Protein chains: 2
Amino acid sequence: MTEEAQDRPYSKALNQLRDAGLRPTRQRLALAKLLFDRGDRHVTAEILHEEAVASGAYVSLATVYNTLHQFTDVGLLREVVVDSGCAYFDTNITDHYHFFYEEDSRLEDVPSEMVTIHNLPQPPAGNDISRVDVVIRVRSSNGA
Amino acid sequence: MTEEAQDRPYSKALNQLRDAGLRPTRQRLALAKLLFDRGDRHVTAEILHEEAVASGAYVSLATVYNTLHQFTDVGLLREVVVDSGCAYFDTNITDHYHFFYEEDSRLEDVPSEMVTIHNLPQPPAGNDISRVDVVIRVRSSNGA
DNA sequence: ATTTGTGCAAATCGTTTGCATCTGA
DNA sequence: TCAGATGCAAACGATTTGCACAAAT
């Protein structure tokens with residue numbers, strides 16, 4: 001990491017992209033900044049696109065989709081499946097689980113240390129576990 | 001339950017529908033039979049539609065979708081979310097988890113007794129856990 | 001007879017793709 | 001320069017909806 005990494009506005013995102021082997025284009029930098037500068041986030045393509053447009057970055061929705069998948073492919077993001085019909089991307093790529101607030105379709109991280117899973121069954125011979133997803137679905141107590 | 005419940009071809013499905021408060025139409029009976037007569041199943045709308053057509057029941061795909069959701073609403077089915085972009089329905093409505101074979105997009109039940117989850121975190125006050133989904137994603141060991 | 005469900009086709013939604021243009025290395 | 005990225009619009013697949021018709025009570 002170079003010395004100016006800490007003080008240039010886009011340098012953090014820039015280094016992330018360089019390290020991942022992705023060419024740091026204007027659009028990728030803008031999206032990386034929105035994604036990674038504010039701590040852990042859970043975004044959909046649509047949300048991120050709105051934010052990008054609102055921030056003055058002219059990125060098309062198609063590019064947002066492509067970029068989210070590229071970031072996921074290189075390990076900068078993780079896709080979380082909680083809803084058939086809407087893909088969520090999580091900037092927290094460490095091992096962890098999720099609360100899913102069904103009423104407002106919102107995700108929240110649950111550190112993996114907070115849940116203890118024992119006796120996880122082995123998959124049939126010839127298979128490996130690639131990931132264990134735990135989603136704790138939550139609704140407000142007093143009716144919808 | 002009436003005496004003839006056990007020996008008429010559609011009586012099992014018929015009672016399930018009656019008990020659920022759904023009018024036992026020809027289409028619902030045919031779908032219920034396909035779903036519930038063969039033990040635990042994980043189906044997509046498309047698969048079930050193909051099966052229905054193959055079995056000579058002329059049910060439209062739209063009706064299959066509607067019916068799957070009606071069955072889910074009355075608790076005869078459970079929706080399993082493993083893939084944004086494709087809804088799976090599980091005839092096993094008891095508490096259990098899933099293996100998901102990523103290569104062939106196939107689901108397999110994991111009895112809840114086979115997994116021990118401790119220290120499940122409480123959701124923020126005012127919220128209740130409606131369900132805990134555990135999906136063990138599996139890939140074959142020797143590369144894709 | 002009345003209510004409820006069905007079929008179809010068209011509408012919708014999220015997502016992906018093809019291709020001409022643009023841009024970073 | 002030139003491989004690789006973007007933008008747009010059109011294609012796409014899964015799902016839903018509107019409405020005229022049909023079937024169950």
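Hydrogens, waters and symmetry mates play no part in the numbers below; they use all other heavy atoms, side chains included. Please read these numbers as outputs of a predicted model, since none were measured by experiment.
For the OP1/OP2 pair of D/dT16 and a distance below 4.0 Å, the side-chain nitrogens and oxygens of B/Tyr65 include no atom meeting the criterion. Phosphate proximity of D/dA14 to B/Thr44: absent, as no side-chain N or O sits under 4.0 Å from OP1 or OP2. B/Thr63 has a side-chain polar atom (N or O) that falls below the 4.0 Å cut-off from OP1 or OP2 of C/dG7. Within the 4.0 Å cut-off from OP1 or OP2 of D/dT15, not a single side-chain nitrogen or oxygen of A/Ser84 is found. Of the side-chain N and O atoms in B/Gln70, none sit less than 4.0 angstrom from OP1 or OP2 of C/dG5.
A/His96 and A/His98 have perpendicular rings, their planes meeting at more than 60° on a 0 to 90° scale where under 30° would count as parallel.
Atom-to-atom distance recorded for A/Leu31:CG and A/Phe36:CZ is 9.5 Å, nearest 0.5 angstrom. Rounded to the nearest 0.5 Å, atoms CG (B/Asp73) and CG (B/Leu22) are 9.0 Å apart.
Remark: A/Tyr58 in residues 47-58 of chain A come within less than 4.0 Å of DNA chain D through at least one heavy atom.
In terms of polar N and O atoms assigned as donor or acceptor, the side chain of B/Arg23 comes within less than 3.5 Å of the base of C/dT3 in a complementary pairing.
We find that CG of B/Leu17 is positioned 14 Å from C1' of C/dT4, with the value rounded to whole Å.
In the model, A/His42 has no side-chain atom that pairs as donor or acceptor with a side-chain atom of A/Asn92 under 3.5 Å. Remark: the B/Thr67 side chain and the B/Gln27 side chain contain no N/O donor-acceptor pair separated by less than 3.5 Å.
Each of B/Pro24 and B/Cys86 was matched to the nucleotide of DNA chain D holding its nearest heavy atom; the match closer to the 5' end belongs to B/Cys86.
Between the B/His118 side chain and the A/Ile117 main chain, no donor and acceptor come within less than 3.5 Å of each other.
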